[in-house]
Amino acid sequence: MKKHLVWLRADLRSIDNTALSVACADLEADIAAVYFITPEQWQKHHVAGCRVDFELRTLQQLSKQLAALNIPLLIVETPNFKSQAQALLDLCQQHLFSAVYFNKQYEINELARDESVHQLLAQQQIDTFDFDDQCLVAPYKVLTGEGRFYSVFTPFKKTWLQCIYQQGVNIQAAPDKRPSLWLTPSDIPKHVTGFESHITEEIAHSLWPAGEEAALDKLARFCDEHIRNYKDKRDFPNLDDSTSRLSPYLAIGAISPRQCYQAAINKQQAYGSSAGIDQWISELGWREFYKHIMVGFPRVCKHQPFRTDTKDLVWKHDEAAFQRWCEGKTGFPLVDAAMRQLNTIGWMHNRLRMVVSMFLTKDLFIDWRWGEQYFMEKLLDGDLSANNGGWQWSASTGNDSAPYFRIFNPLLQSQKFDPNGDFIRRYVPELAHLDNKTIHQPHDKQQLLWLDYPLPMIDHKAACAYTISQFQQLKELPIGRAVNE
DNA sequence: CTCCACTTGGC
DNA sequence: CCAAGTGGA
């Protein structure tokens with residue numbers, strides 16, 4: 001009797017899971033799935049406690065679904081990626097698995113781990129089969145006419161859409177039920193020590209219900225009711241339904257990008273095209289663009305800027321200022337509301353991610369890596385490629401970045417995207433009583449004495465001038481740069 | 001080589 | 001209207 005092991009990693013679902021489908025294609029084989037808890041590695045990658053909780057809750061659901069198909073889900077704990085290969089081999093030998101199936105991950109530590117697993121298992125005649133599953137188009141397949149990776153989004157997107165059109169979108173059904181449950185599924189732990197969630201259980205359960213059913217439900221509701229207005233409404237953080245909020249589900253693979261794309265296309269075919277649908281698909285494109293960047297330019301996995309010349313920037317390492325930013329006490333209401341949203345619900349609206357990352361890097365001139373790490377520590381949807389891409393975009397160290405001289409004005413962003421101040425009111429209760437106009441700049445002299453809210457921690461205009469001058473100095477160092485590279 | 005086009009803006 | 005180049009065909 002053949003036995004196949006499906007190794008689940010960032011693909012915690014039963015539908016449209018390539019590795020699972022292929023492993024189950026052999027109807028004779030016994031199938032089991034395994035998920036590894038690797039606390040030391042997670043610590044190193046700054047995985048958020050709320051994200052660990054989200055994964056555990058998802059595994060809870062998935063274990064039930066798989067058990068109903070007579071596929072036992074096993075949970076194994078091992079400290080890190082290094083110890084994981086041996087742990088996997090032990091498991092294979094214990095249960096006599098002849099092959100291991102998994103979907104690829106593309107970060108460098110994950111790639112190295114998978115390579116060592118492949119080598120170790122091959123020595124024992126255990127086959128490993130890996131699959132491109134995480135993207136609509138595998139993150140090394142969208143290339144320029146000259147066979148190089150794109151570094152600009154627009155031409156990338158054009159080719160990416162062509163690739164999708166040419167290859168088609170094939171969504172795999174969940175596997176058929178196996179004859180019998182041949183192993184006892186593991187209990188799913190409720191916690192992993194060292195990963196306390198910073199958000200309340202109530203928020204976790206109401207905003208982020210776990211499992212692929214919940215994800216598909218969210219997707220369906222978004223496509224039914226909101227996607228057509230996506231382009232017009234997505235930039236207003238106070239409108240909770242204007243974005244899909246599927247990023248956490250995509251990050252852990254409770255839903256696949258193919259399912260997302262197809263749901264949008266189905267609406268297009270049923271009701272005609274719309275700018276909202278195009279825009280939302282374009283956002284799926286950004287997700288894959290940054291995955292391609294990570295594969296094509298692995299230095300972004302190693303804390304290095306995409307634009308190598310920007311490595312000479314001397315970022316400030318101001319702990320106190322950074323702390324104020326983290327806590328949402330900068331004195332800039334929208335920035336503070338945004339940081340408190342992250343600190344409260346483990347997620348931040350995309351517009352606000354730009355506002356706060358631009359503020360940290362351009363107003364405070366603090367190292368973008370500090371912000372990148374803080375985001376990872378707090379985000380349910382923490383994903384290296386997307387998070388790094390976003391931060392480097394704001395810091396002007398990335399590909400296709402914001403030009404260094406185009407710096408968001410936090411006050412204008414506030415007035416434009418939270419015009420009535422309602423979002424600020426939600427997360428900065430000290431300001432809730434202020435009128436729609438004052439709330440964006442509450443530091444009016446008359447308010448100072450009785451307002452329990454900090455003064456703006458920096459003069460935006462002066463900060464801009466300093467930052468621009470720092471970037472301009474880069475250009476005056478061409479000789480040193482040439483030598484260093 | 002030329003020419004096009006360029007997420008998220010500010011003043 | 002400014003800004004500064006530059007990736008990509």
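We name chains A, B, ... by the order of the sequence lines, and we start the count at 1 in each one. Here the structure is a predicted model, which is why all the values come from computation and not from measurement.
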Within the structure, does a side-chain N or O atom of [X] lie under 4.0 Å from either OP1 or OP2 of [N]?
| X | N | answer |
| --- | --- | --- |
| A:Arg351 | B:dG9 | yes |
| A:Asn409 | B:dC11 | yes |
| A:Thr154 | B:dT7 | yes |
| A:Gln413 | B:dT8 | no |

Please identify each residue that fulfils ring-ring contact (aromatic ring centres under 6.0 Å, His included) with A:Phe405, with sequence neighbours left out.
none
Between the base of B:dT7 and the side chain of A:Arg234, is there a donor-acceptor distance below 3.5 Å?
yes
Between the side-chain atoms of A:Trp393 and the base atoms of B:dT8, is any donor-acceptor pair under 3.5 Å?
no
For atom [atom1] of [X] and atom [atom2] of [N], their distance in whole Å:
| X | N | atom1 | atom2 | value |
| --- | --- | --- | --- | --- |
| A:Lys157 | B:dT8 | NZ | P | 13 Å |
| A:Lys231 | B:dT7 | NZ | P | 12 Å |
| A:Asp235 | B:dT8 | CG | P | 11 Å |
| A:Phe405 | B:dC6 | CZ | P | 16 Å |
| A:Gln279 | B:dT7 | CD | P | 11 Å |
| A:Leu334 | B:dG9 | CG | C1' | 15 Å |
| A:Asp400 | B:dT8 | CG | C1' | 11 Å |
| A:Gln392 | B:dT7 | CD | P | 17 Å |

Is it the case that the ring center of [Y] lies less than 6.0 angstrom away from the ring center of [X]?
| X | Y | result |
| --- | --- | --- |
| A:Phe81 | A:His45 | yes |
| A:Trp208 | A:Phe54 | no |
| A:Tyr150 | A:Trp160 | no |
| A:Trp286 | A:Tyr290 | yes |

Below 30° counts as parallel, above 60° as perpendicular, anything between as tilted: where do the rings of A:Trp42 and A:Tyr35 land?
tilted
Say we look at B:dG10 and C:dT6: how far apart would their C1' atoms be, to the nearest angstrom?
22 Å
Please state the P separation for the pair B:dG9 and C:dG7 - nearest whole angstrom.
23 Å
Charged tip of A:Arg9 within 45° of A:Phe36 ring normal and under 6.0 Å
no
Test the A:Arg340-A:Tyr427 pair against the cation-pi criterion, namely NZ or CZ under 6.0 angstrom from the six-membered ring centroid and within 45° of the ring axis.
no
Segment of DNA chain C, first to last nucleotide, that comes within the 4.0 Å heavy-atom reach of chain A:
C:dA3 to C:dA9
Please name the residue in the list A:Asp11, A:Asp16, A:Asp132 that meets the salt bridge (Lys or Arg N to Asp or Glu O under 4.0 Å) test with A:Arg258.
A:Asp16
Stacking between A:Phe153 and B:dT7, defined as ring centres under 5.5 angstrom apart with planes under 30°, is that present or not?
no
Looking at every strand, decide which applies to A:Glu283 at a 4.0 Å heavy-atom threshold: base, sugar-phosphate, or nothing.
base
Base, sugar-phosphate, or nothing: which does A:Pro403 touch, judged by heavy atoms less than 4.0 Å apart?
nothing
Does a side-chain N-to-carboxylate-O contact under 4.0 Å join A:Arg287 and A:Glu283?
no
So what's the dot-bracket for DNA chain B: Watson-Crick or G-U pairs under 3.5 Å, [ ] if a pair crosses, | if it pairs off-strand?
.|||||..||.
